[in-house]
Number of protein chains: 2
Amino acid sequence: MVDSYKAHGRHLPPSKSTAASDVPTRILEEATRLFAARGFDGTSLSEIAGAVGIRKPSLLYHFPSKDALRRSVLEHMLSHWNELVPRLLKAATSGEDQYDALLRETVGFFTADPDRARLLVREALDRPDEIGALVQRHVRPWADVVCQHIRKGQAQGRVHPNVDPEAYVGQMINLIISSVATYKCIGDVAPRGVSPDEMRRRHILELCRVAKSSLFISPASATAQGRENGRENGRENGRENGRENGRAAR
Amino acid sequence: MVDSYKAHGRHLPPSKSTAASDVPTRILEEATRLFAARGFDGTSLSEIAGAVGIRKPSLLYHFPSKDALRRSVLEHMLSHWNELVPRLLKAATSGEDQYDALLRETVGFFTADPDRARLLVREALDRPDEIGALVQRHVRPWADVVCQHIRKGQAQGRVHPNVDPEAYVGQMINLIISSVATYKCIGDVAPRGVSPDEMRRRHILELCRVAKSSLFISPASATAQGRENGRENGRENGRENGRENGRAAR
DNA sequence: CCTACCGATCGGTAGG
DNA sequence: CCTACCGATCGGTAGG
């Protein structure tokens, strides 16, 4: 169905006109897209090769096996994630405004390319042990930092005393990733004529409100932050994660 | 690999000794389990047939195709869900205790059989349009009722005025389902020696706290509910969803 | 980076 | 409910 053994001359390969990029990178990008959309088992090497404009054996020259390609896709995404971590840690200092920046950075990473969220959720279901180890290595370090700030906030009376820091952080990460991964469906809970894009924006806003409102005692999060509608919150995908936010947190 | 064309005499079929149940029901159960664990594309009809103790063509006698089996699995789960809806609507009257019961009923439905959550998340990723339509039919009606109660609570000053009811309900449903579906991974965010079961219990407790704390203005949710540890919350799977809760909400 | 090809397994059917 | 079998497609290799 995909390995069409004809009509593939050097002219018009199905390239997406994504400018340059070498072949291995193109393979990684198309594999990410297809794994996220159809899953690992639901995607054939021929499909990926076809999307890149080469043939299956050529793909297997760059990546020794399908599973090796899968691991490379994960590593590729993690390298993007690691670029963000320093900024995350900088934003993780206590205070509600700083926490808002931390939330927006994290949400922005996944809304900038929802495939990241879809891929992570799929892998968490398909290979929980592997993703678990990955979470331990790449998420837990700065999650621990956030937990420390939460406990400090509790000692200072700014954070609800009954927050379970580890569980709270785990649930918020879970909420961010899965809401981006499945926003096509949760938007169907209640759109009485609201556009899908508008509903998605409202979901992101509500996510941030829930995260802060359930953390801070301060009534600030319950009044100032909520109904500021026409801001640059609904970040468009395609661009790399936002770096223009975090300043104008309110 | 699975269709072992030998050693399958009437004696010792790989039945799980699950007592009675007719063959179609057994097929549905094993298909649910395998689809949830490995995904639709990652599960072969031979595997399902083997788990039931029959052969692939026999399975295709009961279900005309693999896709028909998938749809039946979804319907089978929805029939269980529909049993719960009346109780849900009864619990959906306003008030924090009633809302706590609603949360526990919903959480209990998925923790009673986490495969339900895993299956839903997988289907939402694989066939978002189909699950979207399903959400519209089976979730939106009572979600609308909950939204009405939230607005009433806002009018009475018991609920945060900046809650976006539709978005809030969508995110809470999303949070419940995905946290049950991926609890094997989010538990790895921060277990410094805590057992996985204990961490799962804390995640469920924190989920309920976040849901209430971000909704109600009342400081009750910020003090009374949090640190009551040794209750019967960590419901074991295998049994049908809980009916012993909802009474002792605090 | 390609053509040609491999064994294995897939969903599904014939026929009883 | 079974055996036997179908064409299609899978991941991967040989060889250039």
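By convention in this document, chain letters (A, B, ...) are assigned in the order of the sequence lines, proteins followed by strands, and residues within each chain are numbered from 1. Every value quoted in this text rests on a predicted model; they were computed, and no experiment measured them.
- Nearest nucleotide to the side chain of A:Ile54, out of C:dC1, D:dC1, D:dG12: C:dC1.
- For A:Leu60, counting side-chain heavy atoms from C-beta on, the closest listed nucleotide (D:dC2, D:dT13, C:dC1) is D:dT13.
- Between B:Arg70 and B:Glu130 there is a salt bridge, with a side-chain nitrogen of the basic residue lying less than 4.0 Å from a carboxylate oxygen of the acidic one.
- Rounded to an integer number of Å, the gap from B:Arg70 CZ to C:dG11 C1' is 15 Å.
- D:dG11 atom C1' lies 15 Å from atom CG of B:Asp41, rounded to whole Å.
- For the pair A:Leu59 CG and D:dG12 C1', the computed distance is 12 Å after rounding to whole Å.
- The pair A:Arg71-A:Asp67 counts as a salt bridge, with a side-chain nitrogen and a carboxylate oxygen less than 4.0 angstrom apart.
- Rounded to an integer number of Å, the gap from A:Phe40 CZ to D:dC10 C1' is 12 Å.
- The side chain of B:Ser58 approaches D:dC2 more closely than any other nucleotide in the set C:dC10, C:dC2, D:dC2.
- Protein atom NZ of A:Lys56 is 14 Å distant from nucleotide atom C1' of D:dA14, rounded to whole Å.
- Both distances falling under 3.5 Å, in either a Watson-Crick or a G-U wobble arrangement, place D:dC10 opposite C:dG7.
- Between B:Arg26 and B:Glu29 there is no salt bridge, since no side-chain nitrogen of the basic residue lies less than 4.0 Å from a carboxylate oxygen of the acidic one.
- Relative to the ring axis of A:Phe109, A:Arg87 does not place its NZ or CZ within 45° and under 6.0 Å from the centre.
- The pairing partner recorded for D:dG15 is C:dC2, the criterion being a Watson-Crick or G-U wobble arrangement whose two distances lie under 3.5 angstrom.
- Separating the NZ atom of A:Lys66 from the P atom of D:dC10 is a distance of 9 Å, rounded to the nearest angstrom.
- Nearest to the side-chain atoms of A:Pro57 among the listed nucleotides D:dC1, C:dG12, C:dT3 stands C:dT3.
- Distances from the side chain of B:Leu45 to the nucleotides D:dC1, C:dC1, C:dG12 place C:dG12 closest.
- A salt bridge between B:Asp126 and A:Arg122 is present, with a side-chain N of the basic residue lying under 4.0 Å from a carboxylate O of the acidic one.
- Regarding B:Asp67, its CG atom lies at a distance of 17 Å from the P atom of C:dC10, rounded to whole Å.
- Whole-Å rounding puts the B:Arg55 CZ to C:dG11 P distance at 16 Å.
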